[in-house]
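One structure is given here, and the rest of the page talks about it.
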Amino acid sequence: MGLRVALLGAGIIGDYHLRAIASMPHMEAVAIADVNVARGDECAQRFGLKAYTDYRLMMEEMRPDIAIIALPHFLHLEAAIYCADRGCHLLLEKPMAISVQQCDAINEAVERNHVVMLVGQTQQYISHNLKGKALVQSGSLGKLVMIHDVRHGAYFHADRPAWFLDKAKSGGGIVFNLGAHAIDKIQWLTDSRITRVRASLSYHAELYPDMEGSAVMMLETSEGVTCTVNLSGYEGADREETELIFTHGMIKIINHDSVWISEDGKYRQVPIEHAVNPFVLQLTDLAACIQEGRQPYSSGEYGRSIVRVIEAVYRSAERDEEVRLEP
Ligand SMILES: NC(=O)c1ccc[n+]([C@@H]2O[C@H](COP(=O)([O-])OP(=O)(O)OC[C@H]3O[C@@H](n4cnc5c(N)ncnc54)[C@H](O)[C@@H]3O)[C@@H](O)[C@H]2O)c1
């Protein structure tokens with residue numbers, strides 16, 4: 001029998017999840033809940049679902065196997081605990097919550113109710129990143145010594161949902177949102193945890209003076225790999241690249257586009273054989289974990305580790321000091 005899925009938050013990313021489910025034979029979306037009636041109705045009609053404005057009522061009436069929580073960050077805590085307490089498995093969007101303390105409360109609820117929770121760190125399911133990780137794991141380029149991750153993209157644009165630019169609802173600016181992806185990518189590619197953080201932030205968005213618009217982070221993993229992350233949300237040209245430097249070569253991942261490996265002093269493109277929709281892969285992973293009764297790689301503990309680094313980034317920038325984290 002297929003797994004029945006309910007979506008909390010019919011926004012931008014909710015749509016990606018519903019389209020993925022529509023292509024999956026062993027999963028069925030049954031309902032959505034959104035406080036925005038027009039948006040909820042439009043979405044429900046397009047996917048043939050029942051629409052609710054109150055996710056609690058939806059959970060009581062529909063009793064889904066999986067709840068996908070695609071709500072503003074500040075609502076992740078209450079929604080995750082509510083759904084876990086009803087014995088429902090979770091796909092909780094990234095970042096897991098807006099503080100480590102909130103992550104702990106969610107993890108307690110997951111444990112108490114014996115449900116599976118996957119934190120939606122989608123970087124782990126992007127075909128280009130998977131190819132990059134396979135190259136890292138092959139060991140063919142020697143020892144990994146450095147990673148440089150760069151993300152540029154106008155962050156303060158008019159189309160961005162307003163809650164992202166309200167610190168109480170989002171947790172912060174570009175670090176909380178895009179930084180969560182960069183930190184995940186580094187930890188997951190290296191299969192380790194970030195244990196040292198030094199960061200510098202800027203606050204130059206005219207209308208949002210309390211939202212950081214750029215970040216330079218110097219991070220070190222538990223395996224001693226030094227990483228720089230450069231995030232910029234000011235206007236310019238979009239760019240998203242991760243470069244890995246080994247003792248005998250280099251890899252470059254240009255997200256959603258290509259993977260490159262060094263050869264004879266130049267970069268050569270590596271073909272991607274079977275690119276798969278990352279949202280399908282993510283849900284497939286969750287379904288396998290449910291069937292096998294185990295937590296995924298991107299578990300609550302993993303999601304918490306990312307929020308912990310984000311908190312350390314703010315602390316480092318505020319106090320102008322390095323922050324060390326226990327592995
Ligand atoms: N994995 C990824 O690559 C990725 C990409 C984008 C966003 N996200 C994450 O997904 C989450 C949602 O982001 P988004 O861009 O889809 O935002 P969004 O604003 O487009 O969607 C959120 C939706 O939640 C609804 N909502 C708000 N309060 C509600 C409530 N109490 N009950 C029911 N619905 C409510 C809003 O009306 C809105 O439709 C965030 O955690 C975000 O960081 C992840």
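Values below: all heavy atoms of this structure, side chains included; hydrogens, waters and symmetry mates excluded. Every number for a ligand or one of its atoms is a count from 1 in the order of the listing. For this chain, numbers begin at 1 and follow the sequence in order.
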Please write down residue, atom name and distance for the protein heavy atom closest to [atom].
| atom | answer |
| --- | --- |
| atom 44 (C) of ligand 1 | E93 OE1, 3.1 Å |
| atom 38 (C) of ligand 1 | R39 NH1, 3.2 Å |
| atom 41 (O) of ligand 1 | K94 O, 2.9 Å |
| atom 12 (C) of ligand 1 | A70 O, 3.4 Å |
| atom 4 (C) of ligand 1 | I13 CD1, 3.4 Å |
| atom 28 (N) of ligand 1 | L75 CD1, 3.4 Å |
| atom 15 (O) of ligand 1 | F164 CE1, 3.6 Å |
| atom 32 (N) of ligand 1 | V35 CG1, 3.6 Å |

According to the interplanar angle, ranging from 0 to 90°, do the rings of Y234 and H204 count as parallel (below 30°), tilted (30 to 60°) or perpendicular (above 60°)? tilted
Nearest non-hydrogen contact to atom 34 (N) of ligand 1 from the set L91, L92, L71 belongs to L71
Filtering V119, I68, I12 for the heavy atom nearest atom 20 (O) of ligand 1 leaves I12
Taking the six-membered ring of Y82, is the NZ or CZ of R56 close enough (under 6.0 Å from the centre) and on axis enough (within 45°)?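 Positive - R56 is close enough to the ring of Y82 and near enough to its axis.
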With a cut-off of under 6.0 Å to the ring centre and 45° to the axis, is K133 in cation-pi contact with Y297? yes
[X] near ligand 1 by a heavy-atom separation under 4.0 Å:
| X | value |
| --- | --- |
| H76 | yes |
| W163 | yes |
| L8 | no |

Using a strict cut-off of 4.0 Å, indicate which atoms of ligand 1 neighbour a heavy atom of [X].
| X | result |
| --- | --- |
| G120 | 1 (N) |
| N36 | 37 (O) |
| T122 | 1 (N), 2 (C), 3 (O) |
| H73 | 40 (C), 41 (O), 42 (C), 43 (O) |
| G9 | 23 (C), 24 (O) |

Please classify the D54 to ligand 1 contact at 4.0 Å (heavy-atom distances, strictly less than): side chain, backbone, both or neither. neither
Heavy atom under 4.0 Å from ligand 1: found in Q121's side chain, backbone, both, or neither? neither
Between ligand 1 and D34, is the shortest N or O to N or O distance under 3.5 Å? yes
Contact (N/O only, under 3.5 Å) between T53 and ligand 1: no
As an exercise, state the distance from OG of S262 to CG of D264, rounded to the nearest 0.5 Å. 9.0 Å
Euclidean distance, Q269 CD relative to I261 CD1, rounded to 0.5 Å: 12.5 Å
Between K143 and E223, is there a salt bridge with N-O shorter than 4.0 Å?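 Looking at K143 together with E223, the answer is no, because their closest N to O distance does not fall below 4.0 Å.
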Kindly work out whether a path of hydrophobic side-chain contacts (I/L/V/M/F/W/Y, heavy atoms less than 4.5 Å apart) joins Y267 to I251. no
Would L286 and L281 show up in the same hydrophobic cluster when neighbours are defined by side-chain heavy atoms closer than 4.5 Å? yes
Among I306, V197, L178, side chain to side chain contact (heavy atoms under 4.5 Å, CB included) partner for I183: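 The residue from I306, V197, L178 that satisfies side chain to side chain contact (heavy atoms under 4.5 Å, CB included) with I183 turns out to be I306.
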Quick check on side chain to side chain contact (heavy atoms under 4.5 Å, CB included): which of E111, M96, H89 does M117 satisfy it with? M96
Member of N255, T242, D184 meeting the side chain to side chain donor-acceptor pair (under 3.5 Å) criterion with Q123: N255
E93: which of H73, H17, H76, Q121 passes side chain to side chain donor-acceptor pair (under 3.5 Å): H17
Could you give the side-chain donor-acceptor pairs of residues 157-165 under 3.5 Å, partners two or more places apart or in another chain?
residue: H157; atom: ND1; partner: D159; partner atom: N; Å: 3.3
residue: H157; atom: ND1; partner: R160; partner atom: N; Å: 3.2
residue: R160; atom: NE; partner: Y155; partner atom: O; Å: 2.7

